[in-house]
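Lettering of chains follows the sequences in order, A, B, ..., and the numbering in each one begins at 1.
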Number of protein chains: 2
Amino acid sequence: MTAQSDEAGRVVRGRATLKDVAHRAGVSVPTVSRVIAGNYPVATATRRRVEKALRELDYVANTHARALRGHGARTVAFVLNDVRGPSFAQVAHGIEEEASRRGRLCLVCVSGGDPGRELDAVHAMRQQGAEAVILIGGVKDDEPYRRQMSAIAQSLDQSGSRLVLCGRPSLGESVPATVVQYDNEEGAYAITGRLLAAGHRRVLLFGGDAALTTTAQRIAGYRRALKDFGAAFDDSLIEKAAFDRGKAYVAMRERLGRARDFTAVFALTDAVAAGALRALTEAGLAVPEDVSLVGFDDVPPAEDLRPRLTTVHVPYEEMGRAAVRLALDRREGTTTGAEQRIVLGTHVVVRDSVARPPTVG
Amino acid sequence: MTAQSDEAGRVVRGRATLKDVAHRAGVSVPTVSRVIAGNYPVATATRRRVEKALRELDYVANTHARALRGHGARTVAFVLNDVRGPSFAQVAHGIEEEASRRGRLCLVCVSGGDPGRELDAVHAMRQQGAEAVILIGGVKDDEPYRRQMSAIAQSLDQSGSRLVLCGRPSLGESVPATVVQYDNEEGAYAITGRLLAAGHRRVLLFGGDAALTTTAQRIAGYRRALKDFGAAFDDSLIEKAAFDRGKAYVAMRERLGRARDFTAVFALTDAVAAGALRALTEAGLAVPEDVSLVGFDDVPPAEDLRPRLTTVHVPYEEMGRAAVRLALDRREGTTTGAEQRIVLGTHVVVRDSVARPPTVG
DNA sequence: CTGAAAGCGCTAACAT
DNA sequence: ATGTTAGCGCTTTCAG
């Protein structure tokens with residue numbers, strides 16, 4: 001069974017093709033094709049012979065030939081910064097589940113947050129004729145980016161594919177893309193509100209790559225909450241630190257070394273919260289007794305922090321599923337042109353990391 | 001620029017092809033192909049015209065046609081249980097990095113641990129003509145599995161592709177597959193040794209899907225350590241609990257409800273350790289003062305547990321890179337036939353979750 | 001019910 | 001330097 005050969009005894013190198021199978025079964029190529037497709041009458045005896053040959057030669061169809069002939073390749077493609085980030089991983093999972101439910105294969109690329117690599121990836125996916133190209137996560141939303149992305153959206157739309165922006169801002173209503181968002185600003189507003197309602201007035205906004213769109217939105221929610229609760233906005237309470245755990249740890253340690261001029265910390269992501277928590281605890285500060293702490297994302301590790309982290313739940317997995325669903329349904333509807341947008345809700349998950357501020361003196 | 005049209009003014013639907021470009025530039029199809037490939041002399045004036053047409057029509061090559069014609073599709077495919085698991089995510093990251101470094105695209109499928117879905121995925125990847133098909137993570141190593149996988153390995157090898165088993169046992173030296181492993185048993189031996197060296201004699205082996213190959217290997221290491229340290233093996237200290245955090249939490253809570261007949265816990269994965277830690281802490285037991293705890297995997301969240309988890313580091317990311325590297329290098333060498341195996345080292349990462357057992361009385 | 005012919009988009013020989 | 005021809009593996013007419 002291992003060394004395959006046709007009826008003449010010749011060993012077939014590489015994959016067996018329809019021709020090989022036809023040869024061996026003593027029929028023509030289209031007949032084999034029909035047996036496989038099963039959508040056309042074939043005499044039972046013939047079918048049996050063909051099926052036997054198919055098995056004996058271990059035939060596997062060539063997707064490329066199929067894609068070339070007919071309805072393209074049934075694949076969905078996505079690009080993300082890093083699969084190791086729990087939030088990205090959740091989106092990826094949602095995409096994969098929904099795609100495979102619909103009989104699609106997934107193409108994946110990591111960009112490491114580099115716009116250039118992202119563009120390369122999109123290009124490769126375009127070559128593959130992916131039915132949808134999903135871009136995941138915040139971006140530096142500048143002019144070149146918008147221009148290039150809009151052009152890509154146009155091209156994809158033109159060729160019957162679809163650009164999906166997932167957790168990333170719209171490019172404008174006239175750009176033919178699907179946008180899947182979550183109410184980032186509202187989530188930040190709600191969780192800042194929790195802190196303020198507990199009596200905190202000096203809330204350190206901590207971490208976050210200032211260039212990213214998601215950061216800006218979260219900061220906006222924070223500021224709006226401050227205003228609504230009548231708390232003063234203090235620029236010195238915006239602490240710029242990188243968007244990762246390790247940098248957050250270092251940054252918090254430094255900040256604590258200078259002064260502790262806050263009673264609560266709003267970490268812009270759960271990962272940043274983890275780093276901050278570590279620094280806080282090591283400095284002998286109890287959370288939440290001395291300092292309250294909240295995060296954003298509600299990724300699984302948030303529940304394992306001590307204390308369990310109060311944070312904002314973002315429906316990452318559902319975003320991934322929605323991205324695939326919208327893009328694919330739209331394609332079938334052959335509607336064309338305009339933007340399509342959906343905004344998913346977020347909500348605060350109350351756990352153990354928030355308390356009233358310590359009474360002074 | 002958006003609505004594309006050729007020189008006759010006809011709007012081109014779908015992707016522009018070489019023919020469209022040739023038409024517009026007033027040259028033949030191969031000339032365009034040559035301009036793109038850049039490996040053949042083309043008059044400068046012609047080249048310019050072609051390049052212009054290429055741009056104007058927003059031409060993107062069709063990978064399927066290319067794959068059909070020549071050297072297949074340059075893609076690497078992999079299947080994993082769940083991207084959300086940090087260890088899987090690390091392997092995936094390694095694969096993606098190495099693949100994109102080598103100019104390959106990645107195909108990914110999730111199996112949810114279901115052998116049937118895994119088989120389907122492999123089939124789809126075979127159809128795509130992936131250069132390597134990488135299967136990640138432990139399996140239920142029974143006869144049907146071995147038979148099917150061996151057949152798949154043969155078929156892939158035959159068609160110039162390669163099956164890679166990553167963190168999964170060999171199928172035998174005669175099966176043409178690449179096996180990337182880590183010294184699982186040794187890691188378990190080493191970390192159990194730590195516990196025993198600290199004076200523990202009753203070490204609860206906790207969690208782990210008994211059917212999985214990885215579990216069996218870790219248990220073997222545990223038993224060997226017990227023997228070498230002269231500690232008795234006690235079957236009642238093997239606690240079967242599911243391979244995830246939530247189930248581990250429940251199981252540990254139940255066990256503690258019955259009796260506490262151990263002074264240390266060896267959790268078979270870090271995730272299980274997290275669940276166990278939670279139950280332990282809630283039961284008023286201090287770790288490591290009352291009970292020592294170790295894990296396995298050294299995934300990022302392990303460092304955020306309180307206390308920081310002592311565990312076994314597994315080079316997951318490197319495994320992913322090695323999988324791609326070995327499979328691709330081998331292909332180029334056109335060696336054929338036999339198995340190729342590599343075993344990566346593990347080591348204990350000492351953190352804060354192990355202490356001497358409490359002195360009785 | 002089955003075969004012959006055409007063609008998807010591309011590239012590599014083979015002519016000019 | 002460029003065009004013509006052929007064919008990768010498959011499916012879909014169109015004839016019988």
Residue closer to the 5' end of DNA chain D, A/V29 versus B/V42 (nearest nucleotide): B/V42
Short side-chain donor-acceptor distance under 3.5 Å, B/E339 and B/S174: no
Side-chain donor or acceptor of A/R104 paired with backbone N/O of A/R102 under 3.5 Å: yes
C/dT2 OP1/OP2 closer than 4.0 Å to side-chain N/O of A/S28: no
For atom CD1 of A/I36 and atom C1' of D/dG9, their distance in whole Å: 11 Å
Distance-only polar pair, side chains of B/E131 and B/S161, donor-acceptor under 3.5 Å: no
Reference residue B/Q128; test side chain to side chain contact (heavy atoms under 4.5 Å, CB included); the match among A/N62, A/T63, A/V60: A/T63
Heavy-atom side-chain contact between B/L105 and B/R74 under 4.5 Å: no
Candidates D/dT11, C/dG3, C/dT2 - which lies nearest the side chain of A/V27: C/dG3
Spacing between A/R15 atom CZ and D/dC8 atom P, to the nearest angstrom: 15 Å
Electrostatic pair A/R126-B/D58, nearest N-O below 4.0 angstrom: yes
d(CZ, B/R47; C1', D/dT2) in whole Å: 13 Å
Selection: residues 63-71 of chain A, any non-hydrogen atom under 4.0 Å of DNA chain D: A/A65, A/R66, A/R69
Nucleotide C/dG3, atom P - distance to NE2 of A/H23 in whole Å: 13 Å
Nearest-Å distance for atom pair CG/C1', residues A/L54 and D/dC10: 14 Å
Phosphate OP1/OP2 of D/dT11 contacted by A/S33 side-chain N/O (<4.0 Å): yes
Sub-4.5 Å side-chain heavy-atom contact between A/M319 and A/Q181: no
Interatomic distance, A/N39 CG vs D/dT11 P [rounded to whole Å]: 9 Å
Any A/T31 side-chain N or O less than 4.0 Å from OP1/OP2 of C/dC1: no
Nearest-angstrom distance from the residue atom NZ of A/K19 to C1' of D/dT11: 16 Å
For atom OH of B/Y40 and atom C1' of C/dC10, their distance in whole Å: 17 Å
